[in-house]
Every structure is written in C-alpha cells, then in structure tokens.
Undergrad: 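If you scroll down you'll find the structure; I have some questions about it.
Naming convention: chains lettered A, B, ... in sequence-line order (proteins, then strands); numbering from 1 in each chain. Just so you know, these numbers come straight off a predicted model, no measurement behind them. Below, all heavy atoms of this structure are taken into account, side chains as well, without hydrogens, waters or symmetry copies.
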Amino acid sequence: MPLKIYNTLTRKKEEFKTLEKGKVRMYVCGPTVYDRAHVGHAMSSIVFDVMRRYLEYCGFQVRHVMNYTDVDDKVIRRANELGVDPLELAEGYIEEYEQHLKDLRVLPADKNPRVSKEIENIIEMVAALIDKGFAYTVEGDVYFSVAKDKDYGKLSRRKPEDMQAGFRVELNERKQAPEDFALWKAGKPGEPAWDSPWGPGRPGWHIECSVMAKRHLGDEIDIHGGGNDLIFPHHENEIAQTESITGKPFATYWAHNGMLQIGGEAMSKSVGNMVTVEEFLAEHEGDVLRMMVLNGSYSAPLTFTGEVVDQAEKALGRLRAALRPSRASQDETSGNTIDLLERAQVARQQFENSMDDDFNSPGALAGMFELVRSINQARDAGADDSELQPAQATLKSLAGLLGLDLEATAQVSSDATDFINMLVALRDELRNENLWQLADLIRDQLSEKGVVVEDGQSSSTWRFK
RNA sequence: GGCGACGUAGCCAAGUCUGGUAAGGCAAGGGUCUGCAAAACCCCCAUGCGUGGGUUCAAAUCCCACCGUCGCCUCCA
C-alpha cells in the first residue's frame, strides 16, 4: 500500500512521491526561543519525529532540518526586560530545548540552523527579491509586495481583499499595502543589528525559513511542516518569498499538526495557560507525552488534561506489561494454541496499513494492542519464553518505530534492588509457612514505597510502580 | 466579518476522501484465577456517530442548512 500524506496545499490526502528517488527533504519550523518551551512545542516535535521515523522505516533517506528562530521581536523584548543579551538568552533556551528533545526521544535533526548564523544568506535573498521587483525599500525597511505575487494565498486559501487588514495588528503606514510584510527591519536603538545594503537592521519573521530551507535542503523540498497556527501568515509568506525567487514549487507536501489545547484554548505563552516541558518531565517520562500524541491524529487538536495524561500513562503500561516473561514452570507443557507468529504478522500489517494512511498512529496502536492481548492470552495458557519472545520482539520493534521505548525502566538506584530482592525472597518463605499477616504487611509496606509485589504460584515478582 | 479545522460511548479516539451497517485505549460493572491482593484473561459497555432536512436498496461516511468548540486574519505561534 503506498504511503499517503494529507497536503494542506491541496487539502487532499495524496500519494507520497519524492523529488529525488529514495530521499526525503523535510523542513520543520521550530520554536522561537524567547521563553521556555511548553508541551505544545514538544507535541509538534514528536509529530514530525514520528513522521521522520516512519519514512526511514519505509526505506527513505531523510534529511531533516529544524530551525531555531533566535532573532525576533519577542526575543529582544524579553532580553531587554531581563537586561541580558538577546542572543545569549536565545542560546540558553536552545540548549534547554535540545535537552528536552533528548528526554522525549526525538531524533536529532540533521541540521538545526539559526537565524543569527544565516544573516548573510538572508541579506542575499532579500536583495534578490528587490532585484526581481518583488520587494521595495522604505527608510531602511524592506517589504515584500504581495500584489506582485499572483498566486499569493494558495496555501491558506485566503485573498488579501477578504481579510480585515489590521484586525489584530496596528497598520503600518509605511507599507504600500496592508498585506505586505517585512523582509528586513531597520534597526532601532537597543536592538541587535547587522549591516546591510539598506542600513543596519535585522531580518523580518518569515524570510529566515525560506533562506534556511533553500540553503540546507535546496530550492525544492518534499515536506514542510509545522503547527497549523503557522499556515498563515508564516508559511504563506515563505511560499511567496521562495517561489518568487526560484520560480519552482517550494514544498510538495505541507503538513501541519493540530494545536495542543488546555482549559478550552490553545496553549500559549501570552495567555499564560502553559505547562512547560520541564514541568511535564518532572512528573512523567517523555513516552507518556508521546503516547498522548500517538493516541490521536497528528492534525487534530489535542486537549491536555490530567485525565488524558493518566490514560496515556496507563496505556503505555499495558504495552510494557506484555513484555513480561512466561510464568510457566520448566516441566509444564504449554497449553497455548495461539499462533503468535501469525498474530505478530497481522499486527505489523495493520501497523503499516495505518501508518501508510497519513501516519494514522491510533490505528497502528490498535493493532499493537491486539497483539498485546494475544501475547497475554498465550502467557496465561502456559506459553514459554521461546513462544512469547518473537511476538514480544515485534511489539518492541513496532513501538520503537513510533519512538516508544517499552523497556525503559524507572531510574531508581540499583542499590535498593538487592534489598528489595532480599525482602521479597524472605516474604516468600513466610508465605510458604502460611504466615499471611506478616507477608501482607511486607507487601503493603513495599507498596507504600512504590514497589508492587505480585505473587505467583511458588515465588513472587516485583516491579516499581 | 473572512478563511480553516474539529464535534463518534463516562473520558481519549480510529473510521469520513474510496457509502455497506461503529477499531483501540482509559474508567465502571460482573466473572475466572488468588490464602487475600495485584497482574492477566473472559463477559459487559454507542440500534448510535453535534442538530434538522435531503440523496440512496443502504449514510458516521455524500449534499444542504443550522448549532457548538478551537485556530488564523500580515510587526511576527
């Protein structure tokens, strides 16, 4: 079954065809680093990580570029408030975000370009847009003239005349038309500025992505991704800039993830309704957030609530529990009649069919959970490890394709392990002597310390909660 | 006001493009197992897919209208 991707540009699900055989060029808009990242940013990174992992599974060689916007009004404003250098402020947030990506098991992009390191290339592209007549200068500012771009609005499907200019933003009387946008902004006192043919200044918001995609991936790319709040104006303007220069389609597929919502609205720094990645990771492991994301379509909005987090955590636990070993004793003959190899094959098939259909991770997970049930049934029927392991290996591998690590264990000091083993062994002796009260006491006390004891026929097993 | 996305069980959610009679997870209830638990397993859990019309032998899926939630509307999530 061929891979299909929903394309925002055509508003259709389309068969995935690369520009270059076997290779995928993917550019994803990363965060503007003016504050700590929240779980909404993490969601976006996870969504495109899953996409990238699956494309690689399909045999594509993926070149993945994600940028950091480190030169921006908000970065400057924040830095001024704190009395620090804007680029140093941004650097700190970038380092923090990279650590979050590691904790969330997001594969590192092949390249993480930053605006501050691409100024020369940006100036070059702005100059080219002026040369070609798509941009004009006003007192050190450079604006893109939307009227010069005939198919402007094709991504967001809106026309300048449909929009209420200045609805949210104050009009800038220096622009020839309200829909024009800044490519270069003249420097103001107290702001970082770079020399340019138009005087000292800095890039506008959208130009950096056009430049970085072009420089690190080429004139044409396969997939351009980001949050759906970026469709307009950011991605629309990227298209305008790039295609005006190259005369070629910028990206074949435009992919957008839905917004993470909290308390009935999109999580955002300005509203202050955010949960930072740091806060989340202090309470849960990264896979819990990944599980939340995988449970729904990447393009649909996701609501962040305690209940949803809890459900994701439990579901993850169920996947992991399927990896537990056989309970059959050596001399017992297996009463298992389930063909686990066949079930594993079915799960993999459903996984692939679902993922091929616009990365339908909920469908992929559904197949995995059916395999979980089969494995558990077989274990209950007395299957030994040699029967269970191939199916468990498939489950692990499918989970791995989604970026989930089913073997991750709670990072508790191994010092405690020996003592817990000793206590549990001691308790088994008590159980053999039918000293139930004492055995139950130990189990209850361990439970309070976060250790779950599960009794078997002859001995007990334990695990961390 | 404009553009777009979404609305499926108590909760999360697939299925909608390609119409054929509702995946999966969490929770609740009943049961098996167990010294008691836990875990696991079995049963149960939407005659119903925002509302109202229409097309069709057949609609969650197509068409029209309406309601609700969210996102975006060009100095920048």
Side-chain angles (χ1 to χ4, degrees), chain A residues 4 6 8 11-14 29 31-32 40-41 44 69 72-74 141 143-144 146 153 156-172 175 177-182 185 204-206 226-234 236-237 256 258-259 261 264-270 291-292 295-297 299-303 305 307-316 318-319 321-322 324 327 350 354 357-358 360-370 372-373 375-377 379-381 431 434 436-437 439-440 443-444 447 452-457 460-461 463:
Chain A
K4 288 182 181 175
Y6 180 82
T8 307
R11 309 286 157 130
K12 282 193 194 97
K13 214 183 275 181
E14 298 174 342
C29 285
T32 299
H41 298 111
S44 187
T69 299
D72 168 272
D73 279 359
K74 282 190 273 202
D141 287 346
Y143 295 99
F144 185 92
V146 168
S156 59
R157 311 225 161 168
R158 55 184 89 194
K159 300 183 176 81
E161 58 268 30
D162 289 341
M163 289 180 277
Q164 229 168 295
F167 183 90
R168 194 182 72 167
V169 170
E170 283 172 47
L171 288 176
N172 176 346
K175 296 195 286 193
E179 61 269 24
D180 293 349
F181 55 90
K185 298 155 83 158
W205 177 31
H206 318 291
N228 68 15
D229 56 341
L230 297 176
I231 295 172
F232 189 88
H234 188 56
E236 194 70 70
N237 291 350
H256 294 95
M259 291 291 100
Q261 293 175 205
E265 55 192 330
M267 189 174 287
S268 84
K269 292 167 186 172
S270 51
M291 209 46 201
M292 280 174 62
N295 183 49
S297 305
S299 57
L302 172 63
T303 306
T305 65
E307 193 178 5
V308 166
V309 174
D310 190 49
Q311 288 175 4
E313 200 151 32
K314 295 260 183 60
L316 182 63
R318 182 169 164 79
L319 288 178
R324 292 183 191 177
R327 285 197 306 260
Q350 183 175 341
S354 298
D357 187 14
D358 194 32
N360 181 351
S361 54
L365 280 175
M368 290 164 62
F369 277 111
E370 295 195 21
V372 166
R373 175 174 295 114
I375 291 171
N376 289 337
Q377 282 171 338
R379 187 192 298 101
D380 274 6
R431 290 176 64 230
N434 289 356
W436 307 121
Q437 278 194 331
D440 288 352
R443 187 172 61 194
D444 291 346
S447 176
V452 183
V453 178
E454 295 177 0
D455 294 339
Q457 291 285 354
S460 308
T461 57
R463 62 188 164 85

Undergrad: Mind listing the N/O atom pairs, protein and nucleotides 19-22 of chain B, below 3.5 Å?
TA:
none

Undergrad: What is the per-nucleotide protein-contact pattern of nucleotides 32-37 of chain B, from the 5' end, where B denotes a base atom under 4.0 Å from a protein heavy atom, S denotes such proximity for sugar-phosphate atoms only, and - denotes neither?
TA: ---BBB
Undergrad: Report the residues that fulfil salt bridge (charged side-chain N to carboxylate O under 4.0 Å, His left out) with A:K314, sequence neighbours left out, ordered by chain and then residue number.
TA: A:D310
Undergrad: Return the set of residues passing side chain to side chain contact (heavy atoms under 4.5 Å, CB included) with A:D229 (not counting sequence neighbours), or none when no residue passes.
TA: A:M259
Undergrad: Starting at the 5' end of RNA chain B, which residue's closest nucleotide do you reach first, A:D310 or A:V452?
TA: A:D310
Undergrad: What integer distance in Å separates A:R324:CZ from B:A38:P?
TA: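 Spelled out: CZ on A:R324 to P on B:A38 is 13 Å.
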Undergrad: I'd like to check the salt bridge (charged side-chain N to carboxylate O under 4.0 Å, His left out) partners of A:K12; sequence neighbours left out, ordered by chain and number.
TA: none
Undergrad: So which atom in A:S361 and which in A:G296 form the shortest heavy-atom distance, rounded to 0.1 Å?
TA: OG-O, 3.6 Å
Undergrad: Show your working on salt bridge (Lys or Arg N to Asp or Glu O under 4.0 Å) between A:K13 and A:D357 and close with a plain yes or no.
TA: CA-CA 9 Å; A:K13 214 183 275 181; A:D357 187 14; 2.8 Å; yes
Undergrad: Indicate whether OP1 or OP2 belonging to B:U74 is found under 4.0 Å from a side-chain N or O atom of A:K175.
TA: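 No, because none of the side-chain N or O atoms of A:K175 sits under 4.0 Å from OP1 or OP2 of B:U74.
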Undergrad: Considering residues at least two apart in sequence or located in another chain, which fulfil the ring-ring contact (aromatic ring centres under 6.0 Å, His included) criterion with A:F144?
TA: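 By the ring-ring contact (aromatic ring centres under 6.0 Å, His included) rule, A:F144 matches A:F181.
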Undergrad: In chain order, what residues pass the side chain to side chain contact (heavy atoms under 4.5 Å, CB included) check against A:V309, with sequence neighbours excluded?
TA: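 Expected list: A:F280, A:H284, A:V288, A:M292, A:F304.
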Undergrad: Mapping A:G367 and A:G204 to their closest nucleotides on RNA chain B, which lands nearer the 5' end?
TA: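 In this pair, the answer is A:G367.
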Undergrad: Could you check how far CG of A:D180 sits from P of B:U74, rounded to whole Å?
TA: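 Rounding to the nearest Å, CG of A:D180 and P of B:U74 are 13 Å apart.
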Undergrad: Taking side chain to side chain contact (heavy atoms under 4.5 Å, CB included) as the definition, give me every residue that meets it alongside A:S447, ordered by chain and number, with sequence neighbours left out.
TA: A:K465
Undergrad: Looking for any heavy atom pair under 4.0 Å, which part of the strands does A:D72 touch: base, sugar-phosphate only, or nothing?
TA: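 If one applies the 4.0 Å heavy-atom cut-off, A:D72 turns out to touch a base.
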Undergrad: Establish whether the base of B:C72 is bridged to the side chain of A:R158 by a donor-acceptor pair shorter than 3.5 Å.
TA: yes
Undergrad: Please name all residues satisfying salt bridge (charged side-chain N to carboxylate O under 4.0 Å, His left out) with A:R431, sequence neighbours left out, ordered by chain then number.
TA: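 Salt bridge (charged side-chain N to carboxylate O under 4.0 Å, His left out) list for A:R431, sorted by chain: A:D428, A:D455.
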Undergrad: Taking NZ from A:K12 and P from B:U18, how many angstroms apart are they, rounded to a whole number?
TA: 10 Å
Undergrad: Indicate whether OP1 or OP2 belonging to B:G25 is found under 4.0 Å from a side-chain N or O atom of A:R373.
TA: yes
Undergrad: Counting primed atoms plus P, OP1 and OP2 as sugar-phosphate and everything else as base, spell out the protein contacts along nucleotides 11-16 of chain B at 4.0 Å heavy-atom distance: B, S or - for each nucleotide, 5' to 3'.
TA: BBSSS-
Undergrad: Students often get this wrong, so: under 4.0 angstrom with heavy atoms, is A:E370 touching a base, only sugar-phosphate, or nothing?
TA: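 Touches sugar-phosphate only.
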Undergrad: Please report the distance, rounded to the nearest Å, between CG in A:N237 and P in B:C72.
TA: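 Whole-Å distance recorded here is 16 Å.
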Undergrad: Using salt bridge (charged side-chain N to carboxylate O under 4.0 Å, His left out) as the criterion, list what pairs up with A:E454, not counting sequence neighbours.
TA: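 Only A:R324, A:R463 meet the salt bridge (charged side-chain N to carboxylate O under 4.0 Å, His left out) criterion with A:E454.
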Undergrad: Mind checking what makes side chain to side chain contact (heavy atoms under 4.5 Å, CB included) contact with A:D72, not counting sequence neighbours?
TA: A:T32, A:T69, A:K74, A:V75
Undergrad: Check the distance between B:A5's P and A:L230's CG and give it to me in whole angstrom.
TA: 17 Å
